[in-house]
Protein chains: 2
Amino acid sequence: MNKTMTATKGAFPGVRHDHGDCVAGALRAAEELCAQRGARLTKLRRRVFELVWSSHAPVGAYDLLRRLARERDGAAPPTVYRALDFLRGHGLIHRIESLNAFVGCCAPGLAHAGQFLICSACGTAAEIDDPRLDAAIEKRAKALGFAIQRKTIEVEGLCPPCQARRS
Amino acid sequence: MNKTMTATKGAFPGVRHDHGDCVAGALRAAEELCAQRGARLTKLRRRVFELVWSSHAPVGAYDLLRRLARERDGAAPPTVYRALDFLRGHGLIHRIESLNAFVGCCAPGLAHAGQFLICSACGTAAEIDDPRLDAAIEKRAKALGFAIQRKTIEVEGLCPPCQARRS
DNA sequence: TAAGATATGTTATATTATAACATTCTCAAA
DNA sequence: TTTGAGAATGTTATAATATAACATATCTTA
C-alpha cells in the first residue's frame with residue numbers, strides 16, 4: 001500500500017499523511033462521479049470542494065466563505081451554500097449536524113450512512129462505515145416499523161494522538 | 001399496564017396516549033431528580049420544561065420563546081436558552097442536532113446515549129436506547145483507540161402511522 | 001445563433017445562539 | 001432579621017448560520 005495513502009476509511013488519517021494526495025484523490029473521484037452523472041463540477045464547486053477538503057476537520061460555511069472571498073470578488077453566503085448543496089446532493093461531502101460544518105466524503109458514490117468519529121481536540125473527523133452499527137440501526141428500526149430515510153451518527157471524543165498529547 | 005401510559009421507551013407514543021399523563025410523569029421525574037441533586041427547578045425552568053414536553057416532537061428554541069412570551073413579559077432568547085441549558089445539563093431534555101430543536105428525555109437520570117428515531121412527517125421523536133447499537137459504537141471506537149465523550153444518533157424516517165397515512 | 005436551462009451574482013432577511021452587564025431573588029451565616 | 005454572596009433572571013446588543021428572491025451570466029443544444 002502506498003506510503004502516502006489517502007485517508008483510510010474508518011480510521012484517523014496518520015499525522016504524517018500526505019494531504020495533497022488526499023485532496024488530489026478526492027478531486028479525481030469527484031470528477032469521475034460527476035462525469036458519469038453528467039453533473040457539472042464547475043470551477044466554483046470544485047474550489048469549494050477543495051476548500052472543504054483542505055483538512056480532515058469539518059469546516060463551517062462562513063469559514064469557507066471567508067477563504068473564498070479572498071480569491072473571488074462578490075462571494076456571498078449563497079455562493080457557498082449553493083456549492084455545498086450541490087456537493088452534498090452528489091454525496092461528495094457530508095454535513096456534520098452537531099457542528100454545523102462540512103467535511104469531505106471518503107467514499108463518494110458508495111451507499112453509506114455517514115458515520116463519524118470526531119475529535120473534540122483537533123477537530124479531525126474519521127468517517128467510519130461500520131456495517132454492524134448500520135445493521136443494529138436497521139434492525140431496531142424494523143422492529144418498530146420505522147422506515148429509515150436518513151441516518152446521522154456523530155460520535156465526539158478524543159482521537160488517539162490527542163489522547164496521547166493529554167497524558 | 002396502564003391504558004393511559006406515558007411514552008414507552010423505545011417506541012412511538014400511541015396516537016391516543018394521554019399526553020397529560022406524559023407531561024405529569026415527566027415533571028414528577030424531573031422534580032425528583034432536581035431535589036436529589038439540590039438543583040433548582042425554578043418556575044421558569046419548569047415552564048420551559050413543560051413547553052418542551054408539550055408534544056413528542058422536538059421544539060425549536062424560538063418556538064419556545066414565542067410561547068413563553070405570551071405568558072411572560074420580557075422573555076428574550078437568553079431566557080429560553082438558559083433554561084434549556086439547565087435542563088440539558090441535568091439530562092432532562094435532549095437537543096436534536098439535525099433539527100436545532102429540543103425534546104424531553106424519556107429516561108432522565110439513567111445513563112444513556114440519546115438515540116432517536118424522528119418522523120419526518122409528523123415530527124414525533126422516539127427515544128430508543130438500544131444497547132446493541134450502543135455496543136456497536138463502543139466496540140468500533142475502541143478498535144480505533146477513540147475515547148468517546150458524546151454520541152449523537154438521529155435517524156430520520158417515517159413512523160408507522162405516517163407510513164399508513166401515505167399509502 | 002437564439003432559446004431554454006443551469007449557474008452565479010447580489011441584496012436583503014430569516015433563524016439560531018451567545019456576550020455582556022444590570023437587577024432581582026434565594027438561602028444560609030452572622 | 002439582616003445581610004451578603006451566589007444564583008437566577010432581565011435586558012440590550014450582536015454573532016453565527018442559513019435562505020429568499022430576483023438579476024445577470026453562462027452553458028448547451030436545437
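Below, chains carry the letters A, B, ... as their sequence lines are ordered, and counting in each starts from 1. Just so you know, these numbers use all the heavy atoms, side chains as well, and skip hydrogens, waters and symmetry mates.
Computed from coordinates, the A/L68 CG to C/dA7 P distance equals 17 Å when rounded to whole Å. Following rounding to the nearest Å, B/R40 (CZ) and D/dG6 (P) show an atom-to-atom distance of 14 Å. Distance, B/F86 CZ to D/dT9 C1': 14 Å, rounded to whole Å. Distance, B/R45 CZ to D/dT9 C1': 9 Å, rounded to whole Å. Residue A/L41 contributes atom CG, which lies 15 Å from atom C1' of D/dC27 at whole-angstrom precision. Taking atom CG on B/D85 and atom P on D/dT9, their separation rounds to 12 Å, with Å as the unit. Atom CZ in B/R47 sits about 19 Å away from atom C1' in D/dA8, given to the nearest Å. At whole-Å resolution of the value, CG in A/L65 and C1' in C/dT8 are 14 Å apart.
Contacts classified as ring-ring contact (aromatic ring centres under 6.0 Å, His included) and involving residues 118-139 of chain A (residues at least two apart or in different chains) are not found.
Applying the side chain to side chain contact (heavy atoms under 4.5 Å, CB included) test to A/A101 and every residue at least two apart in sequence or in another chain returns A/P58, A/L99.
The existence of a salt bridge linking B/K151 and A/E156 is excluded, since no basic side-chain nitrogen approaches an acidic carboxylate oxygen closer than 4.0 Å. Checked for salt-bridge contact, B/D130 and A/K139 miss the test: no charged N lies under 4.0 Å from a carboxylate O.
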Inset, instruction - If a protein heavy atom is under 4.0 Å from the base, mark B; if only from the sugar-phosphate, S; if neither, -; do that for nucleotides 9-16 of chain C going 5' to 3'. - result: BBB----B
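Checking the phosphate oxygens (OP1, OP2) of C/dC25, no side-chain nitrogen or oxygen of B/T42 falls inside 4.0 Å.
With hydrogens and angles disregarded, no donor-acceptor distance shorter than 3.5 Å links the side chain of A/Q149 to the backbone of B/L158.
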